[in-house]
There are 2 protein chains.
Amino acid sequence: MHRQEQHAPHRCTVIANDANDQAGNLTDWEQEYDQIGAGRFCGRIDELNFGGLQLFNEHTGRSLLQRCKVWPDSFWFGFPSKRNETRINGQSVESSDVLCRPGSTEFELVTPESFDMLSIVVSKAKLQSHKASEDIDLKLLDAKNYPRLRLSLRTLQNFRYLLRRILQPTINKIDSDLHHDLLIMGLLELLAEEIPNKKVAPSYQHRKAVVERIKDYMATESIAPVTMTTLCEVGCASRRTLQYSFETILGISPMTFLRISRLNRAKRMLCQPSTSSVSEAASFNGFYHLSQFSSDYRQLFGELPSETFAKSHPANNSQLHSNALEPCVRTVPAFQHCLQRRGT
Amino acid sequence: MHRQEQHAPHRCTVIANDANDQAGNLTDWEQEYDQIGAGRFCGRIDELNFGGLQLFNEHTGRSLLQRCKVWPDSFWFGFPSKRNETRINGQSVESSDVLCRPGSTEFELVTPESFDMLSIVVSKAKLQSHKASEDIDLKLLDAKNYPRLRLSLRTLQNFRYLLRRILQPTINKIDSDLHHDLLIMGLLELLAEEIPNKKVAPSYQHRKAVVERIKDYMATESIAPVTMTTLCEVGCASRRTLQYSFETILGISPMTFLRISRLNRAKRMLCQPSTSSVSEAASFNGFYHLSQFSSDYRQLFGELPSETFAKSHPANNSQLHSNALEPCVRTVPAFQHCLQRRGT
DNA sequence: AGGGCGTTATCGAAATTTGGCAAACATTAA
DNA sequence: TTAATGTTTGCCAAATTTCGATAACGCCCT
């Protein structure tokens, strides 16, 4: 066996009560989580790191929208627990699908409530250095545009069992070399069998493009109150199509997406030390009614914005419930009713 | 009047027998022309340049696919002679439309046989420095995404008349300052009246995206024989939709587009000094049958590839009809029948 | 000249988009 | 708190668009 790891694998378990924290807890990943489901987040990562080969199980208690990017020159493989409720790049994951994305490439995951996913990341070098990988690496490169790989249920269940088994914390250290090799070989076996799942609805490209236009718009334009009509223009689609696009690609309605994105942005901002008050984070993200903001925020995250703020600003708790220090409220436009809480 | 030009305007007339030459004859433009219509090209440009204000009439004898980019910090306005047969960025031009694009922004023009277009380009600075331009510059910026501006026929005809009048070569020099101001004021009048023509078919975005994907593919992938099925995968559409997409956006069928693009690329290559033979240019662009290539080439451009080559390589005419010096023919795949001349 | 192959044209069926209307929900004012 | 108003979402039928199979056509090879 051509093994290159030098030390015993590094094992750790991290628990998070904030989606953003969880996003940062994965070693060598670049990612951002937006919480979609309502209620306080709870998550847990059990990771086993061989160096160049990373194995972990991630539990997320709330529905999430994840933007992920794995470390360079690697491949990620994901084995979600609830397939039919999971989406990768807007494509619904089917029962016999494994998720796969190369490193340095951003992809998007929509995950349901109370969700578990086994993941394995392996460096390209490690895959290629093994024998029995002759005609496979080419197929890998080809997999670039198909994030779902179809496998037989048998292979899939076997591999899942292997992953779970190796993740068991009761494993004795001497086995780690064996485990490393088992993982690589299992992966190669997987890849030999894999068939890209190209099945997408004919409308997929179009709807994806619509959602993408809205996202780009969100990223560039300041988050002033946006009406549905504006979104339609931006997305180059009718109301109903915009609706379908978001439901198909993200599983939520357009306005819900906007509100949730902005709430998550506000939460991130509240955690930054440079933010000096709740109202600053609120108004900066387009919430012009503090009370409404607090209530929406609390419904989504299960805690008040002031609580989040206090956690990241332990020094000056005194100004927690007042913005006397710096009243950062921006100019408030006349239409103060737009874009507040709506719908499901 | 706030005028800034220092000298008398520079006037010139250039005639071209090659679409590429014509593309380069416009001062300060970046463009590339692909000839679509069959027969020897003939074109003519009458230009009048005030510096920061450019006025010209362009005649093109053959149907063209133009990729254009105007000089930075400017706006271009175009008044085509045959509206219903002209497309800008895949949108059909209607009878009361004026074309408008900002500088540094690439756009695409499809023009019919025997076509004339009056054009005027003006620097943003020049427009804004004039009074009566207060609320107009904002609308201009807004015009970014709508290349067609709707005007009343009256205004349009008046302005066209003005342009033609000023282009007359019999004009006496003393009038040039007056003309300059007339043009600017006329433009401002136009812009005050303009309403962006947002009317596109619902399928426009989708079909444009399909064509764009094919173009990107053409640009990146080597031009090996491509089958229609591959194109469908690349474009994420069925055969029929691919067909519709090209007809709607470019007015030609997919394979015709491919062939014409490659023929035009071959012609460009033939004109480069670094190209050493006709067969090199042919095989490099996917033509593996020299005789077929010559015949196709001749039908499109009205001259033999060897003639084009000879024009740009006057020194060594001797090797015109032989490739003895450097037989650059590449490895020829088994399927030699793909992508040759077909259909209309 | 005829067969083989691939592209283009035709047409009915299926999928998608659209626009109108009603219901649900949020915001403002009383 | 309730009513008035405005916005978004859900539902449905009509119009448009896309799809898939088949036939016709043009080009290439024998």
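Computed from a predicted model, the values in this text were never measured in an experiment.
- When the side-chain nitrogen and oxygen atoms of B:Gln243 are compared with OP1 and OP2 of C:dT7, none of them lie within a distance under 4.0 Å.
- At D:dT18, one or more side-chain N or O atoms of B:Arg207 fall inside 4.0 Å of OP1 or OP2 (strictly under the cut-off).
- Contact annotation: B:Ser203 reaches the phosphate of D:dT17 (side-chain N/O to OP1 or OP2, under 4.0 Å).
- In this structure, CG of A:Leu290 is placed 14 Å from P of C:dT27, rounded to the nearest angstrom.
- Residue A:His206 has a polar side-chain atom (N or O) positioned under 4.0 Å from OP1 or OP2 of C:dT17.
- A side-chain hydrogen bond (donor to acceptor under 3.5 Å, both in side chains) with B:Asp296 is found for one member of B:Arg298, B:Gln299, B:Gln292 and no other, namely B:Gln292.
- What separates CZ of B:Arg259 from C1' of C:dT8 is a distance of 13 Å, to the nearest Å.
- Contact check, A:Ser253 against D:dT9: a side-chain N or O comes under 4.0 Å of OP1 or OP2.
- For the side chain to side chain contact (heavy atoms under 4.5 Å, CB included) with A:Arg148, the lone residue among A:Lys198, A:Arg83, A:Glu94, A:Glu194 that qualifies is A:Glu94.
- Residues B:Cys236 and A:Glu247 each lie close to DNA chain D; by heavy-atom proximity, the contact nearer the 5' end of the strand is made by A:Glu247.
- Phosphate contact (OP1/OP2 of D:dC11, side-chain N/O of A:Arg240, threshold under 4.0 Å): absent.
- Between B:Arg67 and B:Glu108 no salt bridge is recorded (no basic side-chain N to carboxylate O distance below 4.0 Å).
- If you find the closest nucleotide of DNA chain D to A:Pro202 and to A:Met228, the one lying nearer the 5' end belongs to A:Met228.
- Considering only heavy atoms from C-beta on, A:Val93 comes within 4.5 Å of A:Leu99 through its side chain.
- In this structure, B:Lys199 atom NZ and D:dT16 atom C1' are separated by 16 Å, rounded to whole Å.
- For B:Asp18 and B:Lys267, the salt-bridge test passes: some basic side-chain N is under 4.0 Å from an acidic carboxylate O.
- For the pair B:Ile214 CD1 and C:dT7 P, the computed distance is 13 Å after rounding to whole Å.
- Residue A:Leu258 holds its CG atom at 9.0 Å from OH of A:Tyr217, rounded to the nearest 0.5 Å.
- Taking atom CG on A:Leu258 and atom P on C:dA26, their separation rounds to 16 Å, with Å as the unit.
- The OH-P distance, from A:Tyr244 to D:dT8, rounds to 18 Å in whole Å.
- Here the side chain of B:Gln292 is nearest to one of D:dC28, D:dT17, C:dT16, namely D:dC28.
- With D:dT8, C:dT8, D:dT17 as the candidates, the nucleotide lying closest to the side chain of B:Arg239 is C:dT8.
- Candidate nucleotides C:dT8, D:dT17, D:dT9 were compared by shortest atom distance to the side chain of B:Ala201, and D:dT17 ranks first.
- With C:dT8, D:dT18, C:dG19 as the choices, the nucleotide that has an atom nearest any side-chain atom of B:Met255 turns out to be C:dT8.
- Residue contacts for B:Gln205: at a heavy-atom cut-off of 4.0 Å it reaches no nucleic acid atom on any strand shown.
- Atom OH of B:Tyr204 and atom P of C:dT17 are 18 Å apart (whole Å).
- B:Asp296 places its CG atom 9 Å from the P atom of D:dC27, with the value rounded to the nearest Å.
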